[in-house]
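Contents: one structure, followed by commentary.
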Amino acid sequence: MKVNIGEEKVVAIGPKYEDTIWGTFQFPKLSTADNGKVFIRFHNADDTWECLGKDESVCVYSTTDNGVTWNKESIDSLADSGTLLSNNDRLMPLERENPVLDLSKVKAPIRIATQTIPSDVLHEKSTDITSLPYPIGTYRDVWGQQHNTYRVDELPDGLFEHADEWRFLRKKSGSNVITEEWAKLEWNNLGIQMCFRLDGKSAVPLMPQLIGRIKVAPDGVAWAATYSSGLNPKNGAFTPYCTAYVLSSEDNGYNWKLKSWVDFIPDNLEYENAFMCGGYCEPELEFAPDGSMIMLLRVTDVSHGDKEWAPMYICRSTDGGNSWTKPVRFDDIGVLPRMCRLGDTIAAIYGRPGIKVRLTNDKSGLSWDEPIEIMESSDRSCYINNPPQKPDFHQWAGSCCNCDIVNIDDTHAMIVYSDFYHLCDDGIRRKSIKVRMISVTDD
């Protein structure tokens with residue numbers, strides 16, 4: 001196949017890299033509406049659990065001319081570009097806020113999985129809103145913060161709202177009314193991870209989030225994949241590594257049932273830092289032309305002590321998402337992988353360091369062409385306004401390298417990414433969000 005990568009177009013320009021924190025003008029996402037309008041939303045705040053889900057942390061822009069011009073939009077406008085469901089509703093996942101717990105008001109027992117006698121009942125529901133139950137498991141990150149995981153059904157009633165639900169915007173078919181709603185998760189042993197800050201004053205829960213995009217199967221069933229450092233749904237067993245969870249909805253997104261999951265089991269023969277990576281996170285689903293499903297999985301995570309880059313993996317389901325093959329290496333890098341269909345072609349984008357686009361015409365989605373480099377993976381710190389003598393990794397990369405891709409039609413797609421070093425008319429380099437068009441044709 002022949003692939004053509006169009007010229008960069010700038011969506012928005014932000015502050016200088018030197019004047020910002022990690023998270024500002026980063027993590028862009030794409031979506032498309034019925035009328036051909038393309039939306040981009042991106043994060044414009046610190047990259048912390050506390051900032052996630054705050055509407056004021058999100059910027060939204062739209063284009064009707066494939067990225068030549070852009071207009072600022074409201075968050076509610078994203079409903080126009082939600083996934084088209086089988087009933088012709090549009091459904092758009094929204095991040096949700098993580099309510100900070102004041103540890104002067106809520107006690108957190110520290111005994112972890114220790115029973116003095118066999119008859120001890122260690123894990124049971126807390127009936128006191130001022131006291132957490134015993135966690136199922138715990139670990140400490142490289143900064144010394146403690147992360148506890150709790151069963152949702154053991155948390156005291158009233159501590160959190162929507163503890164087993166996802167947040168969405170819905171635009172019903174034939175209506176201009178946009179509603180925010182919460183969808184129920186049918187998920188045995190659903191866990192919530194909490195990060196206890198080093199000052200001992202607060203803890204931040206990571207509430208259930210649908211970070212990725214909904215995909216609709218040919219039979220109309222909606223599918224989504226998410227991840228958390230949590231529990232095995234079969235027996236509630238704890239793991240400090242992220243697990244990829246796959247859910248489906250047969251009622252157009254009102255209820256989601258856990259169908260399967262992919263556990264991360266460290267193998268330091270396959271990856272030498274397997275015990276220090278994050279496990280399987282940021283899963284991305286796509287339907288292959290042969291009817292199977294494929295899923296890309298990130299493992300990059302510095303919190304356990306690994307590098308800023310690590311391999312990405314791919315696995316496949318041939319039984320309707322009920323089970324998955326053992327993940328195998330897809331590339332030596334990969335954060336926030338994203339995929340879309342262009343006819344019978346599957347296109348993927350991922351990065352850090354650098355950004356790559358990769359395509360396949362294989363009907364199973366397992367055999368891929370060589371990657372196409374969109375942003376160089378070499379040292380980009382020379383572009384910074386005052387180049388450092390010894391750059392850190394983020395200066396080296398010059399981008400968060402979290403990116404996205406969406407199909408415009410069967411032969412065209414749009415990609416989006418951040419660039420920390422865009423040269424402005426006044427000679428100053430600033431953070432920016434950029435897009436390019438991709439066209440794919442037969443040889």
Side-chain angles (χ1 to χ4, degrees), residues 23 27 29 41 43 45-58 75 91-103 105-106 108 125-126 129 131-133 135-139 141 145-169 180-197 202-214 224-231 233 236 238-247 249 253-258 261 278-279 281-283 301 303 336:
F27 320 137
K29 299 178 182 179
R41 58 171 158 162
H43 193 67
D46 200 357
D47 181 23
T48 64
W49 288 7
E50 293 94 322
C51 289
L52 184 67
K54 293 183 181 294
D55 289 350
E56 60 268 26
S57 300
V58 181
I75 288 181
L91 192 64
M92 171 62 72
L94 290 181
E95 289 86 3
R96 60 179 298 179
E97 291 191 48
N98 298 307
V100 179
L101 289 183
D102 183 347
L103 294 181
K105 299 177 180 178
V106 179
K125 182 179 179 64
S126 171
I129 198 170
S131 182
L132 296 172
I136 306 302
T138 186
Y139 74 91
D141 61 30
Q145 298 176 122
Q146 182 166 306
H147 296 254
N148 291 351
T149 297
Y150 302 89
R151 283 198 190 100
V152 166
D153 59 10
E154 291 181 0
L155 294 171
D157 294 337
L159 182 65
F160 299 127
E161 294 183 343
H162 309 294
D164 58 353
E165 296 176 315
W166 280 339
R167 181 187 177 211
F168 290 102
L169 285 178
E180 181 178 310
E181 64 185 36
W182 294 86
K184 186 73 173 179
L185 302 178
E186 299 177 31
W187 185 331
N188 290 333
N189 292 306
L190 174 61
I192 287 182
Q193 180 184 354
M194 293 191 200
C195 176
F196 288 76
R197 298 307 192 196
S202 63
V204 187
L206 187 58
M207 304 299 287
Q209 302 277 0
L210 176 53
I211 302 297
R213 185 180 288 125
I214 299 169
T226 189
Y227 68 99
S228 71
S229 175
L231 308 175
F238 169 76
T239 173
Y241 301 102
C242 285
T243 297
Y245 300 99
V246 178
L247 297 93
S249 173
Y254 291 104
N255 293 276
W256 293 83
K257 182 178 181 180
L258 182 67
W261 58 95
C281 57
E282 296 180 350
D301 190 334
S303 65
L336 200 65

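Just so we're clear, the structure is a prediction, and the values are computed from it rather than from any experiment.
Going from atom CG of D102 over to atom OG of S202 covers 8.0 Å, rounded to the nearest 0.5 Å. With rounding to the nearest 0.5 angstrom, the CG atom of L210 is 10.5 Å from the CE atom of M92. Remark: F168 CZ to L91 CG distance equals 5.0 Å, nearest 0.5 Å. Rounding to the nearest 0.5 angstrom, the gap separating the CH2 atom in W261 from the OG1 atom in T226 is 15.0 Å. Rounded to the nearest 0.5 Å, atoms CG (N148) and OG1 (T138) are 4.0 Å apart. Note: C242 SG to D301 CG = 6.5 Å, rounded to the nearest 0.5 Å.
Here V58 pairs with R41, V60, I75 under the side-chain contact (heavy atoms from CB on, under 4.5 Å) rule; sequence neighbours left out. For D46, the side-chain contact (heavy atoms from CB on, under 4.5 Å) partners at least two apart in sequence or on another chain are I21, T48, C51. With sequence neighbours excluded, the residues satisfying side-chain contact (heavy atoms from CB on, under 4.5 Å) with D164 are V152, K184, L190. Every residue meeting the ring pair (Phe, Tyr, Trp, His ring centres under 6.0 Å) condition with Y241, not counting sequence neighbours, appears here in chain and number order: F264, H304. With sequence neighbours excluded, the residues that form a ring pair (Phe, Tyr, Trp, His ring centres under 6.0 Å) with Y245 are W187. Remark: E180 engages R167 in a side chain to side chain donor-acceptor pair (under 3.5 Å) (not counting sequence neighbours). Listed by chain and residue number, nothing satisfies the side chain to side chain donor-acceptor pair (under 3.5 Å) test with K257 (two or more places apart in sequence, or in another chain). Every residue two or more places apart in sequence or in another chain that forms a ring pair (Phe, Tyr, Trp, His ring centres under 6.0 Å) with W166 is listed here: W256. D47 meets the side chain to side chain donor-acceptor pair (under 3.5 Å) test with W22; sequence neighbours excluded. Residues passing the side chain to side chain donor-acceptor pair (under 3.5 Å) test with R151 are E154, N189, sequence neighbours excluded. Checked against salt bridge (Lys or Arg N to Asp or Glu O under 4.0 Å), E181 has the following partners two or more places apart in sequence or in another chain: R170. Checked against side-chain contact (heavy atoms from CB on, under 4.5 Å), L336 has the following partners two or more places apart in sequence or in another chain: E282, R338, N402.
The two atoms that bring L231 and G191 nearest to each other are CD1-CA, 4.0 Å, heavy atoms only. Counting all heavy atoms, side chain and backbone alike, M207 lies closest to N98 at N-OD1, 2.9 Å. Nearest approach of L132 to V106, heavy atoms of both residues: CG-CG1, 3.9 Å. Pairing each heavy atom of P133 with each of P156, the nearest pair is CD-CD, 4.2 Å. A pairwise comparison of heavy atoms in W49 and C195 identifies CZ3-CB, 3.5 Å as the closest pair.
By the 4.5 Å heavy-atom criterion applied to side chains, P208 and I192 are counted as neighbours. The shortest side-chain heavy-atom distance between I214 and P93 falls under the 4.5 Å cut-off.
The 12-atom threshold is exceeded at CD of E56, counting heavy atoms of other residues, nucleotides or ligands nearer than 6.0 Å.
The main-chain N or O of P240 is found under 3.5 Å from a side-chain atom of S229 such that the two form a donor-acceptor pair. No side-chain donor-acceptor contact under 3.5 Å links S303 to the backbone of G278. The backbone N or O of I211 lies less than 3.5 Å from a partner atom in the side chain of K29, making a donor-acceptor pair.
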Exercise for review: Evaluate the criterion side chain to side chain contact (heavy atoms under 4.5 Å, CB included) for residue pair L101 and F196; output intermediate values, then yes/no.
Suggested key: CA-CA 9 Å; L101 289 183; F196 288 76; over 6 Å; no
Check your understanding: Can you check side chain to side chain contact (heavy atoms under 4.5 Å, CB included) on D157 and K125, steps first, answer last?
Key -> CA-CA 9 Å; D157 294 337; K125 182 179 179 64; 2.9 Å; yes
Point to revise | Intermediate values then yes/no, side-chain hydrogen bond (donor to acceptor under 3.5 Å, both in side chains), Q145 and R197 | key: CA-CA 6 Å; Q145 298 176 122; R197 298 307 192 196; 3.0 Å; yes
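Using bins of under 30°, 30° to 60° and over 60° for the plane-to-plane angle, the ring pair W182/H162 lands in the parallel bin.
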